[in-house]
Asks: 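Got a structure for you, written out below as structure tokens; questions coming shortly.
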Amino acid sequence: MAAVEGEDTRLAYRTCPLCEAGCGLEVTLKSEAVHRIRGDMDDVFSHGFICPKGSTLKQLHEDPDWHRRPLVKRDDVFVEVDWVEAFATIEAGLLPIVEEHGRDAVAIYLGNPGAHCLAPMFFNRSLITALGTRNRFSASTVDQRPKEISSALMFGSVTVPVPDLDRTDFIVLLGANPYASNGSLCTAPDFPGRLKRIQERGGKVIVVDPRRSETARDADQHIAIRPGTDAHLLASIGHRLIVEELADPANVAEHCNGLDELDELLAPYCAETVGPICGIEPEEIRQLARDLASAPTAAVYGRIGTCTQEFGTLASWLVDIVNILSGNLDRAGGAMFTKGAVGQPSTKGEPRTGRGFRMGRVTSRVSNTPEAFGEFPVTVLPEEIETPGEGQVRALVTVAGNPVSSNPNSDRLDAALAGLEFMVAIDPYVNETTRHADVILPPPDALQKGHYDMALLNFAVRNVANYSPPVLPLEDGQMDEWQIMLNLAAVFAGEGLNADIEATDEGVAKAFLGSAARDPHGNVFERDVDEMLAMTGNHRGPERLLDISLRTGPYGDGFGIDPEGLTLDKLIANPHGVDLGELRPGRIPDNLRTPSGKIEIVPDKIREDLPRLAESMKRDRQDEIVLVGRRHVRSNNSWMHNVNVLMKGKNRCTMQIHPDDAGRLGISNGSPARVTSRVGEVIIDAELTDGIRPGVISIPHGFGQNMPGVQLRVATEYRGVNTNVLTDEYFRDEISGNIALNGVRVTVQPA
Ligand SMILES: Nc1nc2c(c(=O)[nH]1)N[C@H]1C(S)=C(S)[C@@H](COP(=O)(O)OP(=O)(O)OC[C@H]3O[C@@H](n4cnc5c(=O)[nH]c(N)nc54)[C@H](O)[C@@H]3O)O[C@H]1N2
Ligand SMILES: Nc1nc2c(c(=O)[nH]1)N[C@H]1C(S)=C(S)[C@@H](COP(=O)(O)OP(=O)(O)OC[C@H]3O[C@@H](n4cnc5c(=O)[nH]c(N)nc54)[C@H](O)[C@@H]3O)O[C@H]1N2
Ligand code: SF4
Ligand SMILES: [Mo]
């Protein structure tokens with residue numbers, strides 16, 4: 001914080017928590033009120049870049065619908081109460097359910113903003129442990145779970161390679177539209193600018209997307225693929241690289257198990273067969289393989305369109321397979337591994353070995369769906385609530401999640417939530433989901449919380465560390481998010497309302513230190529926990545845990561061993577971030593955590609699922625109309641539609657349809673259309689555009705706040721519908737159980 005201009009004006013710096021880009025913001029305050037927010041020109045990573053959402057931390061802070069005090073529902077109406085009463089209501093409502101029906105009767109759902117927020121990142125675990133339920137769910141299974149699984153199977157931990165945007169000569173983006181999303185599982189502020197610079201230095205950008213997205217429009221080549229067929233395309237590229245002897249995985253070959261199996265496994269996917277399935281000319285597939293192989297460096301990158309589809313895990317796996325075959329894995333300009341400052345699994349423990357990854361240790365009660373990473377896919381949440389019997393879910397806790405909007409078959413889930421015996425939400429808003437809650441515990445807004453993008457900086461295209469302290473203090477009556485979480489955990493654990501959360505917090509800190517001190521490969525092996533704890537000074541809560549994680553991480557000061565190393569105080573002294581340099585090649589094999597110490601090229605789960613892919617080639621897709629999603633830069637999943645400045649302009653919640661389809665179906669531009677799937681129906685304005693492939697319609701998600709009981713005065717006025725009324729919880733990726741939001745079969749008629 002530096003003093004500037006007038007006496008009561010000050011500047012503060014804050015990393016934007018809204019999306020994965022993590023842009024640096026410069027906040028100008030006048031008389032302690034937010035005056036202006038713009039890009040921080042001195043940020044070591046974003047250099048001033050900002051999108052239209054970044055400055056709206058001000059509007060979020062001032063939003064009258066963002067609650068500051070707890071809400072309790074009485075006679076169907078939410079009333080403000082103090083914190084003691086809120087926790088007492090939870091104790092009285094939830095504990096009897098646990099006593100009578102056991103801990104599995106309470107489910108927990110963790111939502112997306114929690115991955116951008118320090119308190120949930122550090123203390124979700126405490127909540128889960130205190131709840132002791134097996135019924136754990138998160139937004140990960142409407143998102144990136146297939147990629148997490150494919151990489152964990154191959155590399156032994158969630159070690160996701162990212163395209164080396166700043167050095168690559170050739171990038172293929174599948175199912176990603178970073179011009180709107182600003183990137184995902186690839187943290188890169190100003191992703192669009194980084195793509196343009198690839199072209200400026202003579203490189204090529206190829207976009208594979210059923211829509212001519214904003215990113216596709218500026219690309220050198222756009223391949224309008226049929227939704228859900230990316231795995232076929234990638235298998236075909238892999239096959240081509242092998243048969244034309246273009247494959248050259250030399251740099252990692254000695255660290256791979258099972259490379260030679262690929263010849264046979266990919267054999268069915270010759271371009272002639274696959275072309276008509278993907279709706280791509282066979283020669284275009286062959287040429288793409290050759291271009292990939294001949295580019296000096298190249299990276300293939302797949303995101304939400306390749307994950308949230310029928311073959312999500314196979315497609316995610318094949319992205320890495322093609323990068324390996326083309327010789328671009330773990331190489332400058334290729335697909336590389338970030339080394340985050342807050343220890344990733346791939347920088348902890350013994351290098352080149354580990355326990356590897358296992359899933360399915362338990363299966364869900366109703367449909368026997370396997371867990372992964374301790375969670376069941378959300379696709380089974382409704383059946384777990386609806387189906388009577390021992391272990392039935394009767395209560396729900398949500399943390400930063402809006403499943404009624406973001407999960408498939410929303411009408412079914414919405415009805416299931418209405419039937420719960422008790423529900424608690426840690427959430428600022430009364431929205432589609434939290435209107436079902438009995439108690440809502442609102443966290444402070446982003447400007448009132450410290451921030452470090454712990455999860456996403458592990459997928460960054462540069463190694464960077466940046467911490468932002470809170471810009472504004474809590475108001476009277478507000479509680480910090482981590483204190484909300486620890487108080488709630490105490491209630492769950494039966495410790496009542498007078499639990500000593502300072503002691504719990506210290507216990508967690510000691511556990512962190514203890515685990516670091518037990519790692520013979522770490523930098524504080526056998527050090528004294530109390531001595532290290534004392535060195536964390538006055539930091540408490542997530543800040544103290546962050547300090548510990550930084551100091552015991554790969555760039556850490558090791559509690560005094562390396563005075564140049566990172567500490568939280570060092571980050572506080574560097575408000576524009578600390579640049580730890582470009583990604584370095586040669587991370588393999590040290591970052592592998594498979595039992596074999598090798599990259600498992602064909603994990604069993606993958607081998608078992610490949611026949612399903614082959615079988616799907618027989619399917620007749622000719623007359624289908626399928627649904628895909630899209631994002632807009634002024635929107636953020638479901639929860640920023642209450643920000644007036646972002647919602648201005650023409651209706652964005654439209655059904656994009658190709659004019660040929662529209663003509664055949666009798667639908668005209670701007671007129672309402674009725675879209676029907678196996679599970680539901682919406683009526684939505686049609687937008688005719690030749691920027692979408694025939695046979696495909698696109699509807700963005702996150703709209704449809706106009707439901708009884710929702711208290712969002714801007715969002716409820718917006719003309720939008722919830723596309724997840726159409727998505728089908730039983731149309732999912734086999735291995736992960738992740739929802740297939742893209743490629744959903746629908747019928748379209750004039751309304
Ligand atoms: N059809 C379709 N559906 C999709 C997608 C799609 O592409 N198409 N995308 C999917 C993806 S990728 C994702 S990640 C999910 C997101 O799914 P969810 O995480 O379930 O939903 P969000 O819309 O992100 O809602 C976030 C909730 O967190 C609250 N919130 C905001 N800030 C905070 C905070 O600081 N603390 C707390 N405690 N709460 C906060 C908001 O009020 C809101 O209720 O949606 C998925 N759904
Ligand atoms: N402005 C904004 N930014 C966001 C978000 C937001 O809601 N708004 N959400 C954030 C979150 S939680 C996430 S996970 C990321 C997601 O970031 P991205 O993965 O970039 O997501 P989208 O922008 O939805 O782009 C997905 C693209 O996939 C295409 N697609 C659909 N089906 C298929 C298919 O089968 N194959 C192929 N090849 N393409 C397909 C769609 O047409 C679309 O253009 O964005 C994050 N950033
Ligand atoms: S791109 Fe993402 S991180 Fe950057 S300002 Fe926009 S919302 Fe914030
Ligand atoms: Mo997401």
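Residue numbers count from 1 along this sequence. FYI, side chains are in, hydrogens and waters are out, and symmetry mates aren't considered; it's all heavy atoms of this structure. Atoms within a ligand are numbered from 1 in the order they appear, just like the ligands themselves.
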Asks: For Arg732 versus Ile739, what's the shortest heavy-atom pair and its separation?
Replies: CB-CA, 4.1 Å

Asks: May I ask you to check whether over 12 heavy atoms, not counting those of Arg719, lie within 6.0 Å of atom CZ?
Replies: no

Asks: Over all heavy atoms of both residues, which pair between Trp639 and Tyr429 is shortest? Give the atoms and the distance, please.
Replies: O-CE1, 3.9 Å

Asks: Side-chain contact, heavy-atom cut-off 4.5 Å: Val643 with Asp63?
Replies: no

Asks: Restricting to non-hydrogen atoms, name the atom on Pro443 and the atom on Pro428 that form the minimum distance, rounded to 0.1 Å.
Replies: CD-N, 3.5 Å

Asks: What do the steps show when you test Asn636 against Arg631 for side chain to side chain donor-acceptor pair (under 3.5 Å), and what is the final call?
Replies: CA-CA 8 Å; Asn636 194 19; Arg631 281 172 165 74; over 6 Å; no

Asks: Between ligand 1 and the protein, give all atom pairs where both partners are nitrogen or oxygen and the distance is under 3.5 Å, as lines of names plus distance to 0.1 Å.
Replies:
residue  : atom   : partner : partner atom : Å
ligand 1 : 1 (N)  : Asn724  : OD1          : 2.9
ligand 1 : 3 (N)  : Asn724  : ND2          : 3.1
ligand 1 : 7 (O)  : Arg631  : NH1          : 3.2
ligand 1 : 9 (N)  : Arg631  : NH2          : 3.2
ligand 1 : 9 (N)  : His701  : NE2          : 3.4
ligand 1 : 17 (O) : Ser406  : OG           : 3.1
ligand 1 : 19 (O) : Asn112  : N            : 2.6
ligand 1 : 20 (O) : Tyr109  : OH           : 2.6
ligand 1 : 20 (O) : Asn402  : N            : 2.9
ligand 1 : 20 (O) : Ser406  : OG           : 2.8
ligand 1 : 23 (O) : Ser638  : N            : 2.9
ligand 1 : 23 (O) : Ser638  : OG           : 2.5
ligand 1 : 28 (O) : Ala400  : O            : 3.4
ligand 1 : 35 (O) : Lys449  : NZ           : 2.7
ligand 1 : 36 (N) : Glu481  : OE2          : 2.9
ligand 1 : 38 (N) : Ile426  : O            : 3.1
ligand 1 : 38 (N) : Glu481  : OE2          : 2.8
ligand 1 : 42 (O) : Asp427  : OD1          : 2.7
ligand 1 : 44 (O) : Asp427  : OD1          : 3.3
ligand 1 : 44 (O) : Asp427  : OD2          : 2.6
ligand 1 : 44 (O) : Asn431  : ND2          : 2.8
ligand 1 : 47 (N) : Ser406  : O            : 2.9

Asks: List, ordered by chain and residue number, the protein residues whose closest non-hydrogen atom lies under 4.0 Å from any atom of ligand 3.
Replies: Cys16, Leu18, Cys19, Ala21, Gly22, Cys23, Ile50, Cys51, Lys53, Gly54, Asn182

Asks: So that I can tick it off, tell me whether Arg38 and Glu26 are bridged by a salt bridge, with the cut-off set at under 4.0 angstrom between side-chain N and carboxylate O.
Replies: yes

Asks: On a heavy-atom basis, which atom in Glu20 and which in Ser184 lie closest, and how many Å separate them?
Replies: OE2-OG, 2.7 Å

Asks: Using only heavy-atom distances, determine whether the side chains of Ser635 and His641 contain a donor-acceptor pair under 3.5 Å.
Replies: yes

